[in-house]
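Remarks on the structure that follows.
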Amino acid sequence: ASLDPAAVAAAAAGAAVRVRVRGAAQAVRAVGRRVAFLVLRQGAATVQCVVAGGGMARFAAGLSRESVVDVAGVVSLPREPVRGTTQQLVEIHVEKLHCISRAVPNLPISVDDAARSEEDVARAKAAGEQLVHVGQDKRLDYRVIDLRTAANQAIFRVQCQVENMFRQVLLSEGFVGIHTPKLIGGSSEGGAAVFKLDYNGQPACLAQSPQLHKQMAVCGGFERVFEVGPVFRAEGSDTHRHLCEFVGLDVEMVLRDHYSEVCDVVDRLFVAMFDHLNKNCARELEAIHRQYPFKPLKYLETTLRLDYDQGIRMLQEAGVHVDPMGDLNTEAEKKLGELVRDKYDTEFYMLCRYPSAVRPFYTMPCSDDPRYSCSFDVFVRGEEIISGAQRVHDPELLAAQAQARGIDVRTIAAYVDSFRYGAPPHGGFGVGLERVVMLFCGLGNIRKTSLFPRDPRRLAP
Ligand code: 4AD
């Protein structure tokens, strides 16, 4: 529990420091009839409480796990070190104990079971022990309990830091935070993955991205904007990296000369973010690692930029069949990630100058060869976390590109028109928050980094 470090120091020096702590009864163990040990958890931290005296020890021993209790007592150093590194190095000798909220006696899942690593389960199985393994669906069904594990407490604290760094770095570079509408008239990314709804008699949908409005904000004079907000995608297939609702981190900015200015922002932002996580979230990363072992992400001080053509050549030389003017599938991206890691010693890189045909309608074609576009994707451990580009700011070209991709230009008329009133060259990028955390921590499934995930099958809790 979050004991004041000064109190801990005083207790260590032998002073009788009295504290009051409210937490969840993570574990209760009776020793004989007169003593009980109660492990109290607050957030990711736990502290052992010693309850001595017949009546109070019996009351403690009868507490159901996860009940919320208030404890008042004296802090002291434990006689034996306690298990688990998040445990405080002190214990509390309880003088008063109150149960504030009693949990049902038979929880649908236990925090201990949910906190078990796959390695622990495999080891126990090999030793012929019966350990309960809680599958992902069950964890998500009872997410309120599942979230209490040390790894989950850490994952969402890391996620908060990612978001915080996104804001901090961009604010320090003169960006303005904005909020764009999530109820819009048509698809913003093209394609069919939209949730349709009725907007007082008009067809509408949930925004697939802030794309159109963040560009309009730049044209509205803000020059450099960012947004943190929900993004909705009616994804049909259940994959390890697609959610139907995720948190989008978006950037849009005017360009002086070249879309590489956007890549420069990505570079500064993400290197600062990864440095920050490694430096300031060591405890959280360790807690995640304990349940879900992963290797620290390899990244360079200046992010590697490769051209799409170079990536294609690397894959072809490795014997992978890829269409040089087509998109890379998930396996090819993963393979390229491995090739890049082996050659350049980094698991974080940008792939630039994608073929125009595989990018959205609003992407600017390259002036030297319009078969290619001023666009890029960014990869972590061989999976995409960012896509970005320079945008078309010429309304005629924009309408033509939309039409060529089968988009009804009437549904985006206000967007196209906004470039008729003077529009600076601009570009930007979009990042999925859950993907950043999943891939930085090598978590393997995006549901682990979404508090209450919305996937094609799940709308509850
Ligand atoms: O690649 P996407 O679709 O690009 C856009 O939305 C553009 N408007 C961005 C831009 O400014 N050009 O999505 C951007 C990022 C992806 O790289 C990925 O990290 C994440 O959003 N993402 C998803 N995350 C979770 N579930 C999904 N279904 C996602 N789809 C995209």
Crowding at CG, Asp137 (>12 non-hydrogen neighbours, <6.0 Å)
yes
With rounding to the nearest 0.5 Å, note down the distance linking OG1 in Thr449 to CG in Leu433.
7.5 Å
So, applying side chain to side chain contact (heavy atoms under 4.5 Å, CB included) with Val169, which one of Val271, Val265, Leu269 is it?
Leu269
Please test Phe440 against Asn278 for side-chain contact (heavy atoms from CB on, under 4.5 Å), starting from the C-alpha separation and ending with a verdict.
CA-CA 10 Å; Phe440 184 77; Asn278 284 330; 3.5 Å; yes
Tell me the closest heavy-atom pair linking Ala114 and Val134, and the distance in Å.
N-CG2, 4.0 Å
Under 4.0 Å between a Lys/Arg side-chain N and an Asp/Glu carboxylate O for Arg454 and Glu245?
no
Does NE2 in His240 sit with more than 12 non-hydrogen atoms of other residues, nucleotides or ligands closer than 6.0 Å?
yes
As an exercise, state the distance from CG of Leu212 to CD1 of Ile184, rounded to the nearest 0.5 Å.
6.0 Å
Gln42 side chain vs Arg22 backbone, donor-acceptor pair below 3.5 Å
yes
What one should report as the nearest heavy-atom pair of Cys99 and Val69 is CA-CG1, 3.9 Å
Option among Leu451, Leu285, Thr149, Ile288 that satisfies the side chain to side chain contact (heavy atoms under 4.5 Å, CB included) test with Ile155
Ile288
Ignoring hydrogens and geometry, is there a side-chain-to-backbone donor-acceptor pair from Thr411 to Gly185 under 3.5 Å?
no
Taking Tyr299 for its side chain and Asp275 for its backbone only, find out whether a donor-acceptor pair lies under 3.5 Å.
yes
Does a donor on one side chain and an acceptor on the other come within less than 3.5 Å for Gln208 and Ser187?
yes
How about Met273 and His276: do any of their side-chain heavy atoms sit closer than 4.5 Å?
no
Distance from Thr180 atom OG1 to Met216 atom CE, nearest 0.5 Å?
10.5 Å
Flag side-chain contact, heavy atom, 4.5 Å: Leu328 against Leu351
yes
CZ-NZ distance between Arg381 and Lys298, expressed to the nearest 0.5 angstrom:
10.5 Å
Considering the options Glu434, Glu384, Glu333, which one meets the salt bridge (charged side-chain N to carboxylate O under 4.0 Å, His left out) requirement together with Arg241?
Glu333
Can you check side-chain contact (heavy atoms from CB on, under 4.5 Å) on Ile446 and His242, steps first, answer last?
CA-CA 7 Å; Ile446 199 160; His242 288 97; over 6 Å; no
Tell me, do Leu306 and Tyr344 make a side-chain contact under 4.5 Å, heavy atoms counted?
yes
Could you tell me if the side chain of Cys352 sits less than 4.5 Å from the side chain of Tyr259, heavy atoms only?
yes
Heavy-atom closest pair, residues Ala217 and Ile178
CB-CD1, 3.8 Å
Tightest non-hydrogen contact, residues Ala287 and Ala150, listed as CB-O, 4.0 Å
Side chain proximity check, Gln401 to Pro365, heavy atoms < 4.5 angstrom
yes
Is the centre of the Phe348 ring less than 6.0 Å from the centre of the Phe274 ring?
yes
If we ignore angles and hydrogens, is there a donor and acceptor under 3.5 Å between the side chains of Lys448 and Ser450?
no
One thing to verify: whether Glu252 and Arg391 come together as a salt bridge, which I'm taking to mean a side-chain N less than 4.0 angstrom from a carboxylate O.
yes
Do Phe175 and Phe226 have ring centroids that are under 6.0 Å from one another?
no
How many angstroms lie between CZ in Phe376 and OG in Ser387, if you round to the nearest 0.5 Å?
8.0 Å
Say whether, by atom type as modelled, one donor and one acceptor occur between the side chain of Thr46 and the main chain of Val39 under 3.5 angstrom.
no
Under 3.5 Å, side chain of Glu227 to main-chain N/O of Leu249, donor-acceptor pair present?
no
Tell me if the CZ atom of Phe222 is crowded by more than 12 foreign heavy atoms within 6.0 Å.
no
Output all residues satisfying side-chain hydrogen bond (donor to acceptor under 3.5 Å, both in side chains) with Arg341, sequence neighbours left out; order by chain, then residue number.
none
Between Asp377 and Arg359, is there a side-chain N and carboxylate O pair less than 4.0 Å apart?
yes
Pair Arg353, Cys366 - check side-chain contact (heavy atoms from CB on, under 4.5 Å), show working.
CA-CA 8 Å; Arg353 235 178 115 89; Cys366 291; 3.5 Å; yes
Tell me yes or no: between the side chains of Ser209 and Glu189, is some donor less than 3.5 Å from an acceptor?
yes
Which pair of heavy atoms, one from Val111 and one from Glu66, lies closest together, and at what distance?
CG2-OE2, 3.2 Å
Applying side chain to side chain contact (heavy atoms under 4.5 Å, CB included) between Arg447 and each of Gln136, Arg143, Met438, report the one that passes.
Gln136
Within a reach of under 6.0 Å around CZ of Phe156, are more than 12 heavy atoms found that belong to other residues, nucleotides or ligands?
yes
Within the distance-only criterion (no hydrogens, no angle test), does the side chain of Ser117 pair as donor or acceptor with the backbone N or O of Asp120 below 3.5 angstrom?
yes
More than 12 heavy atoms of other groups within 6.0 Å of Phe452 CZ:
yes
Nearest 0.5 Å, what's the OG-CE distance between Ser375 and Met350?
13.0 Å
Can Tyr372 and Asp309 be said to form a side-chain contact (heavy atoms from CB on, under 4.5 Å), step by step?
CA-CA 10 Å; Tyr372 292 92; Asp309 270 353; 3.3 Å; yes
Is any NZ, NE, NH1 or NH2 atom of the basic residue among Asp113 and Arg116 found under 4.0 Å from an Asp or Glu carboxylate oxygen of the other?
yes
Using the test ring pair (Phe, Tyr, Trp, His ring centres under 6.0 Å), find all partners of Phe429 that sit at least two apart in sequence or belong to another chain.
none
Is it true that Arg167 and Glu163 make a salt bridge, defined as a side-chain N closer than 4.0 Å to a carboxylate O?
yes
Can you tell me which residue among Gln215, Glu261, Glu223, His393 is in a side chain to side chain donor-acceptor pair (under 3.5 Å) with His426?
Gln215
Around atom CD of Glu338, are there more than 12 heavy atoms of other residues, nucleotides or ligands at under 6.0 Å?
yes
Are the side chains of Gln316 and Ile312 in touch, meaning some heavy atoms are under 4.5 Å apart?
yes
So Val47 and Val71, do their side chains get closer than 4.5 Å, heavy atoms only?
no
Are any of the side-chain heavy atoms of Gln202 and Asn200 separated by less than 4.5 Å?
no
Shortest non-hydrogen separation from Ser373 to Thr363 and the atoms involved
CB-CG2, 3.7 Å
Carboxylate-amine/guanidinium contact Arg458 Asp238, below 4.0 Å
no
Does the distance from a Lys or Arg side-chain N to an Asp or Glu carboxylate O, for Arg123 and Glu119, drop under 4.0 Å?
no
